[in-house]
Amino acid sequence: MNIVLDRIDFNNLQQSAVVIYGSEVATRTLPFKRDEVAYINARRADDANALVVLNRLPHKLYVQNFDSDLNSEEALEKLRRAACEIQKMLVKEKVQEVAVSGLGIIPEELVAFVEGLHMANYRFDKYRSKKETMLNKVTVDKLFLDAKTLEENRVLWRRIDTCRDWVNEPIMYLNAPQFADILKAEAEKIANVKCTILGQKKIESLGMGGLLAVNRGSEDEARFVVLEYKPKGAVNKQPVALVGKGIMYDTGGLNIKPDDYMQEMKSDMAGAATMASVLLTAAENKLPVYLMAFLPLTDNRPGKNAYAADDILRMYDGTTVEVVNTDAEGRLILADAIAYADKQNPELIIDAATLTGAAVRAIGSHAIAGMQQDAASPFSLMTIVGNQVYERIAPMPFWKEYDELIKSELADLRNCGSKPEAGCITAGRFLAHFAHHPYIHLDIAGVAYYAQQESFYGVGASGFGIRLLYAFLQMRTEREYLTA
Ligand code: BES
Ligand code: ZN
Ligand code: ZN
């Protein structure tokens, strides 16, 4: 979707247009006819957020009433959602161009609306013979937006689309070696970004026992991708380490997933896709923050030599792990990645992972389950940022008492809890064992992929978390984390 800036003349519309009509605007200043004003105001009196569609043949004018008398975060989310509803109507009418402006609103509100429009306009339709006619041009009223702000957001929104493409792609077209090559090609296009792909041999020589075990059943080699974005004048000397779960497909392995539990497991690399996208967005927008990403990639399958329950693994950092269930594979590859990231002396390690069904059962699909170790202040900052962009974090308890559940008789740890309770937390505690720097764990299992449409996040891969982490890093460029 192409977004341009221009002036919009409502009395001489050259295309369909949306005007967001704020709550405190003098009626006399409206660019509507008298009878239109009467009609809009009547609808507005009934419902402060009513959408009124006016026919300005051959175009339509969509008047989105907007009651900003809410805390502003909710108001902005309401605009993103309203944009999604309007996008649906435009697509239904096969409208490809639309203009967007506002009355009595602030630039941030217009950005939120265009964000919703852009995200709603995403489709993964490359395998469909008949494609829907989507919006392809949006003209934004330049009264509200400068070119620089638009460009920064455009980069972010494009990255979200690309991330969703990666996550939606089935395993048969996107395996670990292929994804690693794509990341390298993307990295090479951007200044100050370096991509190193560690191949099978290197992973073996490093002794990444978790990644190697999960990969044993696979026909494809594993990869470990390291991205580095090191701009001159970065605010931090030690990198922020972004770790992402890159299970290209999760069959469960020998503990194979039953019935329809396997469906959607192409999305089990959403953590890796998210973290790569965050780093690339920051680099494209030249954010002055030093970042590294660590992305362990493989699929999890029951092959001839697949790892099995009862196996005991030696991880990259020397910890031994008893395998109890081959479907708890994410924490095995992440343990190696976190231990490896930890050696780079990062100021903060953040991981994103579609880690547990337990996270979905605990909090559903509206938030990320978040946990932290030695990172109370960046975590609370991230939670605040999450509320602002409405990609929210639900903090989970993270007490050391949960470690009882992942103790093993035979090894240092077991890869899933000895009781089924608190599955999302025991998974996090397992990972925290491998981090010796401030650490934040984000379980994105509930939000990374939607089976049914979830407003502007659409159906399928959502890109949820990219806006959150990008906004968090923007914040990092403005201030130190308060000391914990
Ligand atoms: N990839 C899954 C978690 C998942 C489930 C993500 C549903 C998205 C939606 C993970 O590897 C897994 O299978 N976890 C098991 C762990 C269990 C065996 C301890 C789970 O949550 O059931
Ligand atoms: Zn699994
Ligand atoms: Zn998994």
Side-chain angles (χ1 to χ4, degrees), residues 167-168 171 176 210-211 213-218 222 243-274 295-303 306-311 321-337 351-369 396 402 405-408 413-431 441-452 454 457 460-462 464-465:
V167 176
N168 280 323
I171 173 73
L211 180 53
V214 177
N215 180 249
R216 281 169 73 111
S218 175
V243 179
K245 174 176 173 181
I247 293 290
M248 305 306 295
Y249 198 86
D250 185 11
T251 67
L254 288 173
N255 290 106
I256 198 155
K257 288 185 183 289
D259 310 317
D260 51 4
Y261 282 93
M262 203 181 298
Q263 232 189 347
E264 298 171 17
M265 282 301 139
K266 64 178 182 181
S267 66
D268 214 19
M269 37 65 82
T274 300
L295 314 171
L297 310 178
T298 179
D299 52 335
N300 181 29
R301 275 185 203 263
Y307 82 129
D310 294 340
D311 277 343
V321 176
E322 177 193 356
V323 176
V324 176
N325 189 317
T326 62
D327 199 9
E329 82 299 335
R331 66 199 75 181
L332 299 175
I333 68 166
L334 287 167
D336 284 339
D351 84 59
T354 47
L355 201 61
T356 64
V360 192
R361 287 190 293 276
I363 61 165
S365 290
H366 295 294
I368 294 172
M396 307 299 279
Y402 290 104
L405 296 166
I406 49 169
K407 272 193 184 149
S408 161
L413 296 172
R414 44 187 284 147
N415 82 325
C416 72
S418 50
K419 292 187 218 158
E421 62 202 40
C424 148
I425 299 166
T426 52
R429 292 297 306 175
F430 181 96
L431 296 179
H441 166 53
L442 304 175
D443 192 332
I444 59 170
V447 294
Y449 195 95
Y450 291 114
Q452 265 121 38
E454 177 57 42
Y457 288 108
S462 65
F464 197 109

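One-based numbering, in listed order, for ligands and for the atoms of each. Sequential numbering from 1 along the given sequence is applied to the chain's residues.
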Heavy-atom closest contact ([X] atom, [Y] atom, distance):
X      : Y      : result
Met262 : Thr251 : CE-O, 3.8 Å
Cys424 : Ala359 : CB-N, 3.7 Å
Ala427 : Leu355 : CB-CD2, 3.5 Å

Margin query: Let me confirm one number: the CD1-CD1 distance from Ile425 to Ile406, rounded to the nearest 0.5 Å.
Written below: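 Ile425 CD1 to Ile406 CD1: 11.5 Å, rounded to 0.5 Å.
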
Check: What distance do Asp250 atom CG and Thr298 atom OG1 have between them, rounded to the nearest 0.5 Å?
Finding: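 Asp250 atom CG to Thr298 atom OG1 measures 10.5 Å (nearest 0.5 Å).
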
Item checked: Protein N, O or S atoms lying under 2.8 Å from the Zn ion (ligand 3), listed by chain and number ->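 Atoms qualifying: Lys245 NZ, Asp250 OD2, Asp268 OD2, Glu329 OE2.
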
Check: Within a strict 4.5 Å, meaning less than it, do heavy atoms of the Asp268 and Glu329 side chains meet?
Finding: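 Yes. Closest side-chain heavy atoms under 4.5 Å.
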
Donor-acceptor check, side chain of [X] to backbone of [Y], threshold 3.5 angstrom: yes or no?
X      : Y      : result
Asn255 : Ala309 : no
Asp336 : Gly210 : yes
Asn415 : Val321 : no

Which pairs of N or O atoms, one from ligand 1 and one from the protein, are separated by less than 3.5 Å, and what is the distance for each pair?
residue	atom	partner	partner atom	Å
ligand 1	1 (N)	Lys245	NZ	3.3
ligand 1	1 (N)	Asp250	OD2	3.2
ligand 1	1 (N)	Asp268	OD1	2.9
ligand 1	1 (N)	Asp268	OD2	3.0
ligand 1	1 (N)	Thr354	O	3.4
ligand 1	11 (O)	Lys245	NZ	3.2
ligand 1	11 (O)	Asp250	OD2	2.9
ligand 1	11 (O)	Asp327	O	3.0
ligand 1	11 (O)	Glu329	OE1	2.9
ligand 1	11 (O)	Glu329	OE2	3.0
ligand 1	13 (O)	Lys257	NZ	2.8
ligand 1	13 (O)	Asp327	O	3.0
ligand 1	13 (O)	Asp327	OD1	2.8
ligand 1	13 (O)	Asp327	OD2	3.1
ligand 1	21 (O)	Gly357	N	2.7

